[in-house]
Every structure is written in C-alpha cells, then in structure tokens.
Undergrad: 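Below: one structure in structure tokens.
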Amino acid sequence: MDRRQDIRQKRRNARADHEADAPKPARLPRRWRLVDDAATRNLIRGILLGRITPPFWKRVLAFMGPAFVASVAYMDPGNFATNISAGARYGYMLLWVVVMSNLMAMLIQALSAKLGIATGRSLPELIRDHFPRPLVLFLWVVAELVAMATDLAEFLGAALGLNLLFGIPMWPAALITGVLAFMILSLEHYGFRPLEAAIIFFVGIIALCYFIEIGLFAHPDLKEIGLAIVQPRVTDTESVLLAVGILGATVMPHVIYLHSALTQGRLVVRTDAARRTLFRYEVIDVVLAMGIAGLINGAMLIMAAATFHRGGYRQLTELTDAYLTLQPLLGPLAATVFAVSLLASGLSSSTVGTMAGQVIMQGFLRRKIPTWLRRLVTMAPAIGVIGLGLDPTRALVLSQVVLSFGIPFAFIPLIIFTQRRDLMGPLVNSRLTTILAVVVAALIIGLNLFLLYQTITRGF
C-alpha cells in the first residue's frame, strides 16, 4: 500500500513540475481574457501543446480574428454599389452569384492563411525571396497601385457616409476619415487583439444595420430568396454584366497579401502537428468570417430587391440616390441605418486597406519603414483624389479597374507557392485543392478581364 502511495505521490510531483514549467496565463478579468494578447497567446499555446482543453467555443474565440480582418474587404463600399445595383434592377435573381462568390472567397483566404502558417512569411516576402528581382519590382509597383486603388474606393465610401449623415463636404470628410483610420490603426500599439476586436465591432455594426433594414423595414419574400439561390439564371446582357461585376469583385488582391501576414503576429509554431492544428482552427475562422461577409452581401442585394425593385426604382446605381430613395420608401430611420452601415464599411475597410499597404511595402522592400510613412503613402492618393473634386462614381469605377488588373499578380503566386512541398511541408495543397484553385483563378481572372474590357469600351 505504501509503495502505491509513493508512486501516486511521484506522479503528482512530476505533474506539478510540468505545470510549473508551462507558461502561466495572464491574470485578467474573465470578460477581457480573449481581448488581451498575452492571455490569447498562452491559451493558443496551451491548446496547440495539448496542455489544456477549454470548451470548443473558447478555442474558436482564441483563434478567431485574422479572417474577420480580411473579410472586411468583401463588404466594402464597392460591394455596396454592385449589390444594390443588382438587386434594384433584377430583384433576387442574382443572389446565387453572391453565394458562389462567397464560396470562392473561403477557398482563397484559406490558402492565404495557410501560406502564412506553413512558411512563417507573408506572400510579398515570399515573392521577394523566390522571384527574379525585375519581376519582384514589377509586382511591388502593381501591389502598391492596388493598395492605393483600394483605399480610394474605401475612403470614398467613408467620406460619403459622413456626408450623408452629417452633411460634411467630401474633402473635409475624407480628412476626417484619414484621422479616424489612423486612430483605429493606433490600436496596434496595444497588440493584435484590440485591433481585431475593433474590426469585428465594425463588422457587427454593418451586420446589425442590415438585420434592421431587412427585419424591420424591407420585409423580403423568403420563397423568392430560396429559389434565387438554388436556380442560377441570367436573362439578358446587362444581367450577365452585373453577375460578372459581382464575381469579378470577389477577390480583393490586397487581402490576399494581408491575410498571409495576419496569422504570424500571434504565435510562432515550429512543429508540423502544431501547424496542422493552427490551420484547422484558421479554417473555422475563415468559414465564420466569410460566411458573415456573404450574409451581409446577400442582405445588401435582398434589401435593394425588396425596396427599390419592388418599388419601381430599377435604375439605381448611385449610393447617394439609394440613400435618398430609402427615405420616402421606408422612412428616414431606414435611410440613416443605411448611411451608418456605409460609414462603418468605409472606416473598417480603409483601415484594413492601409494595413495591407504596410504589409506590401515592408514585404517587398525588406526595409524598416516608419509606420506613419507607410500609412501616409497608402492614404494620400485617396485623399488627394477626393480633394480634387473628381466625380466619386467615376473615381470608384477607375479604382475597380485597377483592382481587376491587379488580381492575377497576387492570386497566381499564391497558388504557385501553396502547391510547393518544399515551402509548405505537410500543409501543401492536395491535388484537388490545386485544381479547384486553378479553376477559380481562371474564372475570376477571365471575368475581371471581361469586365475590364467592357469598362474600357463603354468608357469610364
């Protein structure tokens, strides 16, 4: 009996020694644990090493964040314009395109996250290290143009939101947007978790606004919604062009660069088993974030179909016209909710666009550039264009043309790297994943080239 007790005591002592060597979680109030970097890292480390097994929901919350930051690009002001035009003109018919686009987004963002997890480097860094220098310089210039074009569209959306809500002229509204974007980005000084929480907060505002629009004001036809999702169809040339517009805007090249970097600020993992576990939770993050982004995009189209299309306003293309038309159709509160969602979208997406600019410049140039300078280089052209008083719609179209041009130069390197076993190790793409990625790339690039051709031939 004494011998058994000695064995049990030795086991308890060994377990105590092991626990003493393990990192101690930060002692914080319970409600703030997962908003604190140190606590989040300790929790993730414990899960990856198998030392702790918290409830599933807590594990998901610990790993959640990077995909939500990237998902903001899928609900930016450009998406507002495309989805509202489609819903106003064709009702619910093109809802299936939104669903298909969202599935593509899940695949692409999962590949970008996997690249960062497997290699510990961002896509721009890998391009710099593995491609010839002339090609690297060309891809850097294209990526910078993409980042600037992205910020132009998103600053326009935020400035328009401030203009609609408070009557602030576009130029001062753009300056205010820049200041607010700097303030949001300053949360990085407190760690990755507070910034992620701020972005998720903005996503929640956009989702809440559209929940209010549809649940309290629009009253859509649920049967027609279901049929539109399961019965893909187009009826004329214009519907094809709108479908191409929705699909062509699916992949935002700047978040392909960004997502590969977002997975690296949390925890450095060195074992294959830990990388697999980390990627499994990141896939959950991607599905949740892109799923919510898809629901919001669908809600934009559904709101436009249930109000503008049903009310006979089928030629709406301007966000300002949509705001003004909502007032007599659904009342001033509905119009205000729409403007709030546009402002939240513009602020959050301009913040994410500036983050992408930082990743692009530092990754391609391998130089430590002052944070304020990196941010200013990305923001300045957008503020300048608005300050010149150019037509917002024309500027938005031009920015989308630049984004369409930039997609292949981000997506193709992503596929090349993720199918290389020497880089990816156990996370290398399966043959099926590579085939799916190539098909999606060919479809999206082809549609964007078609959209680019139509934009040029029809005139900007």
Side-chain angles (χ1 to χ4, degrees), residues 66 69-70 73 76 78 108-109 111-116 118-155 181 185 188 249 251-265 349-385 398-420 423-424 437 441 444-445 448-449 452:
V69 174
D76 71 356
I108 294 160
Q109 295 307 137
L111 289 180
S112 180
K114 182 166 70 170
L115 181 70
T119 65
R121 288 178 288 173
S122 67
L123 180 57
E125 290 173 323
L126 289 167
I127 291 173
R128 180 196 66 206
D129 292 341
H130 292 273
F131 285 4
R133 182 169 177 77
L135 181 57
V136 170
L137 292 175
F138 171 74
L139 292 176
W140 170 60
V141 172
V142 172
E144 290 291 356
L145 290 174
V146 163
M148 293 175 188
T150 300
D151 258 5
L152 173 58
E154 292 158 352
F155 268 70
L185 285 165
E188 284 183 311
V251 181
M252 303 299 284
H254 66 294
V255 288
I256 298 179
Y257 295 119
L258 177 63
H259 202 165
S260 60
L262 291 173
T263 56
Q264 297 168 41
S349 57
S350 62
T351 301
V352 171
T354 304
M355 290 171 64
Q358 296 178 42
V359 169
I360 289 168
M361 187 175 285
Q362 193 156 342
F364 276 105
L365 297 185
R366 202 200 296 260
R367 291 180 181 176
K368 192 70 176 175
I369 300 167
T371 302
W372 66 267
L373 179 60
R374 293 202 306 266
R375 293 171 180 171
L376 189 61
V377 167
T378 309
M379 290 180 180
I383 296 175
V385 168
L398 285 170
S399 71
Q400 297 307 304
V401 169
V402 175
L403 288 174
S404 299
F405 175 74
I407 286 173
F409 302 106
F411 198 8
I412 291 174
L414 176 67
I415 297 174
I416 291 173
F417 289 136
T418 53
Q419 56 88 39
R420 284 181 52 176
L423 287 176
M424 301 296 292
I444 292 175
I445 292 169
N448 272 281
L449 290 174
L452 184 62

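Numbers here simply count residues along the sequence, with the first being 1.
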Undergrad: Enter the distance from Glu125:CD to Thr119:OG1 here, rounded to the nearest 0.5 Å.
TA: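 The CD atom of Glu125 sits 8.0 Å away from the OG1 atom of Thr119.
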Undergrad: Please report the interatomic distance CZ(Phe409) to CD1(Ile127), rounded to the nearest 0.5 Å.
TA: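 The CD1 atom of Ile127 is 11.0 Å from CZ of Phe409, to the nearest 0.5 Å.
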Undergrad: So which heavy atom on Val146 is nearest to which on Pro253, and how close?
TA: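 Closest pair (atom of Val146, atom of Pro253, distance): CG1-CG, 3.5 Å.
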Undergrad: Identify the heavy atoms of Leu111 and Ala437 that sit nearest to each other, and give their distance.
TA: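 Looks like CD1-CB, 3.8 Å.
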Undergrad: Answer yes or no: is there a donor N or O on one side and an acceptor on the other, between the side chain of Ser112 and the main chain of Ile256, under 3.5 Å?
TA: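 Confirmed, Ser112 side chain pairs with Ile256 backbone.
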Undergrad: CG of Leu145 to NE2 of His254: how many Å apart, nearest 0.5 Å?
TA: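 Answer for the CG-NE2 pair, Leu145 versus His254, is 14.5 Å.
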Undergrad: Measure the shortest side-chain to side-chain distance between Asp76 and Met252 over non-hydrogen atoms and say whether it is less than 4.5 angstrom.
TA: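 In short, these two side chains touch, coming nearer than 4.5 Å.
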Undergrad: Shortest non-hydrogen contact from Ala181 to Thr351?
TA: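 Taking every non-hydrogen atom into account, CA-OG1, 4.0 Å.
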Undergrad: Answer yes or no: is there a side-chain heavy-atom contact under 4.5 Å between Gln358 and Glu188?
TA: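 Side-chain contact under 4.5 Å: yes.
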Undergrad: If you round to the nearest 0.5 Å, how far is OG of Ser350 from CG of Leu185?
TA: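 It comes to 8.0 Å.
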Undergrad: Checking side-chain contact (heavy atoms from CB on, under 4.5 Å) against Met355, which of Ile360, Leu258, Val255 comes through?
TA: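 With Met355 as partner, Ile360, Leu258, Val255 yield a single side-chain contact (heavy atoms from CB on, under 4.5 Å), made by Leu258.
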Undergrad: How far does OG of Ser349 sit from CD of Glu154, to the nearest 0.5 angstrom?
TA: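 That separation rounds to 3.5 Å.
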Undergrad: For Glu144 and Val141, indicate whether the former's side chain and the latter's backbone hold a donor-acceptor pair under 3.5 Å.
TA: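 No, because the side chain of Glu144 does not come within donor-acceptor range (under 3.5 Å) of the backbone of Val141.
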Undergrad: Say you draw a straight line from NE2 of His259 to OG of Ser122; how long is it, rounded to the nearest 0.5 Å?
TA: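 If I round to the nearest 0.5 Å, the distance is 13.0 Å.
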Undergrad: Only pairs under 3.5 Å count here: list side-chain donor-acceptor contacts from residues 128-135, not counting sequence neighbours, and write none if there are none.
TA:
from, atom 1, to, atom 2, distance (Å)
Arg128, NH1, Gly363, O, 2.8
Asp129, OD1, Arg366, NH2, 3.0
Asp129, OD2, Arg121, NH1, 2.7

Undergrad: Which pairs of donor and acceptor atoms, one on a side chain in residues 411-419, lie under 3.5 Å apart (sequence neighbours left out)?
TA:
from, atom 1, to, atom 2, distance (Å)
Thr418, OG1, Leu414, O, 2.8
Thr418, OG1, Ile415, O, 3.3
Thr418, OG1, Asn429, ND2, 2.8
Gln419, NE2, Ile416, O, 2.9

Undergrad: The test is side chain to side chain donor-acceptor pair (under 3.5 Å); show your working for Thr354 and Asp151 and say whether it passes.
TA: CA-CA 7 Å; Thr354 304; Asp151 258 5; 3.3 Å; yes
